[in-house]
Amino acid sequence: MPMSLQDNTSGATPTQALSAHAKRRQFRPPWRRTRRALFAGLFFATDALGIWAMFQILYVDGITPLELVILGLFSLTFSWIIIAFWSAVIGFVLTLCNRDPITLDRIQPPRPPSDAQSRTVLVMPIHNEDISGVITGLEATCRDLPADTPQRQVEVFVLSDSTDDTIIEQEHLEIGALQGRLSGICHLHYRHRNSNSGRKAGNLKEFCERWGKRYDFMLVLDADSVMSGSTVSALIAAMEANPRLGLLQTVPIPVHQDSLFGRANQFAASLYSPMLAAGLSFWHADAANYFGHNAILRTEAFMAHCGLPELPGAPPLGGDILSHDFVEAALLRRNGWQVQMQTDLEGSYEEMPSHILDYAKRDRRWVQGNLQHLRLLGGHGLHPLSRLHFLFGAFAYISSLVWLTILVISTIDALVRAIAEPNFFTSQAQLFPDWPIAPPPLIMPLLLGTLAMLLMPKVLGMCLAMVRRPSAFGGRARLAVSVLFESLFAMLIAPLMMMFHSLFVINVLSGRTVAWDPQSREGRAVAWREAWRHTWQGSLAGLAWAGITWYYTPVFFWWLTPVWLGLMLAAPLIRLSSSLTLGQTLRRAGLLLVPSETDPARVLRAQDSPAETASGEWPAPTPQEMPGEMPEQSFAAPRS
């Protein structure tokens, strides 16, 4: 029998479920409160310094209500920058020293007990996907899985709730053929449910209630996920080694990107994401977050504590919880299970939208889901860091609206000062004029300091790659040029993403909902007509913004150059950055190269060389069910 916690009651907490041997072991990350206090100290000290400097700049002959609003909004955005800055610095130090951000020891493989036994299922929920593309990545993952042993067994389940009859028939044929190709290699099962209720969370719940008790661990993959067998083995070993661990999230890295936009994002994620994740994991410790895929969960804990309720009220802020992953992580942590992030595994991959418009459409769905989390901030019994995850997830998009508001108010303030005639005599009895007092010499230090903190994660990521593996990014010279190119590109598209995100937040708050359709991952060049159709209003706004500020206050016009230039060039940026030809040209030049291209893992090489598709047969019957319950959770305080 596999080592499982299923012999306990369905609502058992980790402490209740531990064996006597496990209870004697120490599974709590060391110095949790100290490291969180350290991060909080760094954050508040830097934040206070920046806000004080901004206040001194604004406080010349008093401060107006408009300037108070600017100060408040600046405090929000500056705080957001500081979190990323210090997380990057900490992650840089930990990665450079080869230290595990959870244990703070040197990174080494997990050591499960010698008598560990487990059964794991890889589940891949799909909904109206291009099944041929799904099969390519899934087959590569299945062929790379470790062989079954009496101590450790791994199976795969494709969970479809597709609604298009043509796609459903194709799923049956393609997966039936894949089962034949994988015979003797991997146990692959397929289930189609006729309802799409609850979306992905409902799909997983239905699976857990029918087959969840068969498995100790459940590794969740998206339709575009690919994972190496060594990474799967490492995740299972980590779960076996720590019976208190309820969820372990990897850092998925984008792959197979050909467009300029996709390659720039792929490069940024490969270079910066693991380092940033290590810094976040340092202070998150055992209260990390969940991205909804490329993560392993303890099935018993997930079933006992992650049944999601509907939020009261109508969509978009009511109804089904759309961004279910954050909530499931919070529920696991509320019930005593550890939620951690594994940042050193390199075999976790995903695909992503290839151009800005599809990327923005995906963000539009996430905006709605993450804003729902604001309603859960006061949920009963949640860990403080879980509440922070809810807040940060929403503010990741609200920050664009805050930034836009700061720019608009600052423009209005500059125009008022430029148009209004100066009055140096504010009283009839005044003998001497009130000459304007120059602001303290803090503007440039604050500006340069903020810019340095914005760019520091990129600089640190580049330095880390320079030291550890420059050849994986094309060599030191090409790496430096690639970082500069990606930074300039990110700066240019930032105003465009600010415009999109601001509109999305306003739409959600005004009651407009959106359909959660399958994500487009096919690389294609966006037509000029389509690019203009989505950006002409923003381009006109940027043109008007530039013209008005140039006419009335030329100095402020130059300060706003990155903003109005990005808006005016929105359509060309979308069109050119979607170009596959331009992206491939940069690749041939050795720019924006990433390790998955210069030294691809075996699972990626297998995905690039898919097996020939045999004539499809209907999938084999699913295994025998082991029914279990997944009770609905509540965020309200229990009645006394």
Side-chain angles (χ1 to χ4, degrees), residues 39-86 89 388 391-392 394-396 398-456 491 494-495 498 502 505 545-546 548-564 566:
F39 186 85
L42 293 171
F43 168 79
F44 285 114
T46 312
D47 202 30
L49 182 62
I51 294 172
W52 171 84
M54 188 64 173
F55 176 80
Q56 293 297 318
I57 292 169
L58 294 174
Y59 190 79
V60 178
D61 288 337
I63 189 167
T64 66
L66 199 61
E67 290 170 334
L68 277 176
V69 173
I70 293 175
L71 179 63
L73 296 176
F74 168 82
S75 302
L76 294 175
T77 56
F78 190 71
S79 301
W80 189 246
I81 293 169
I82 293 170
I83 293 172
F85 167 74
W86 281 116
V89 171
L388 277 182
L391 182 62
F392 290 168
F395 193 74
I398 296 174
S399 60
S400 291
L401 185 58
V402 173
W403 181 30
L404 177 61
T405 305
I406 290 175
L407 293 173
V408 171
I409 293 178
S410 299
T411 302
I412 294 173
D413 185 58
L415 291 174
V416 169
R417 293 176 183 272
I419 295 172
E421 294 184 3
N423 180 16
F424 304 130
F425 293 89
T426 57
S427 171
Q428 292 181 350
Q430 189 171 331
L431 296 178
F432 301 99
D434 289 330
W435 298 113
I437 302 173
L442 294 173
I443 296 178
M444 291 307 297
L446 180 60
L447 177 65
L448 294 176
T450 303
L451 185 62
M453 287 192 291
L454 278 170
L455 295 177
M456 190 57 66
M491 182 185 70
M498 173 193 70
S502 298
V505 171
W545 205 343
I548 293 172
T549 52
W550 170 257
Y551 184 81
Y552 288 104
T553 173
V555 173
F556 196 67
F557 165 86
W558 292 113
W559 282 100
L560 283 178
T561 298
V563 179
W564 59 257

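The analysis underlying the following values was restricted to heavy atoms, covering all of them including side chains, and did not include hydrogens, waters or symmetry mates.
The structure places CH2 of W564 at 8.0 Å from OG1 of T549, a figure rounded to the nearest 0.5 Å. Between atom CE of residue M491 and atom CG of residue L454 there is a gap of 11.5 Å, rounded to the nearest 0.5 Å. Between the CG atom in L415 and the OG atom in S410 there is a gap of 10.5 Å [rounded to 0.5 Å]. If you take CG on L71 and CD1 on I406, they are separated by 9.5 Å, rounding to the nearest 0.5 Å. T411 OG1 to L560 CG: the interatomic distance, rounded to the nearest 0.5 Å, is 5.0 Å. In this structure, the separation between CG on L76 and CD1 on I398 is 9.5 Å, given to the nearest 0.5 Å.
Taking each heavy atom of M498 and V563 in turn, the nearest pair found is CE-CG1, 4.4 Å. Contact between F395 and V402 at its shortest, heavy atoms only, is CE1-CG2, 4.1 Å. Of all non-hydrogen atoms in D47 and S75, the two that sit nearest each other are OD1-O, 4.2 Å. Considering every non-hydrogen atom in both L42 and W86, the closest pair reads O-NE1, 3.5 Å. The minimum heavy-atom distance linking G50 with F74 is given by the pair O-CE2, 3.7 Å. Contact detail for P495 and P562: the closest heavy-atom pair is CG-O, 3.3 Å.
Counting only heavy atoms from C-beta outward, the side chains of F55 and I63 approach each other to under 4.5 Å. In this structure, T46 and F85 have side chains that are not in contact, with every pair of non-hydrogen atoms separated by 4.5 Å or more. Here the side chains of T553 and W559 are not in contact, with every heavy-atom distance at 4.5 Å or above.
By the neighbour-count criterion of 12 heavy atoms within 6.0 Å, atom OH of Y552 is sparsely surrounded, having that number or fewer from other residues, nucleotides or ligands.
For the ring-ring contact (aromatic ring centres under 6.0 Å, His included) test, residues two or more places apart in sequence or in another chain that qualify with F392 are W80.
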Apply the test side-chain contact (heavy atoms from CB on, under 4.5 Å) to residues D413 and F556: give CA-CA distance (whole Å), side-chain angles for both, the deciding distance (0.1 Å), then the verdict. CA-CA 11 Å; D413 185 58; F556 196 67; over 6 Å; no
S400 vs V505, test: side-chain contact (heavy atoms from CB on, under 4.5 Å). Steps then yes/no. CA-CA 9 Å; S400 291; V505 171; over 6 Å; no
Residue pair W403, S502: steps toward the side-chain contact (heavy atoms from CB on, under 4.5 Å) verdict: CA-CA 9 Å; W403 181 30; S502 298; over 6 Å; no
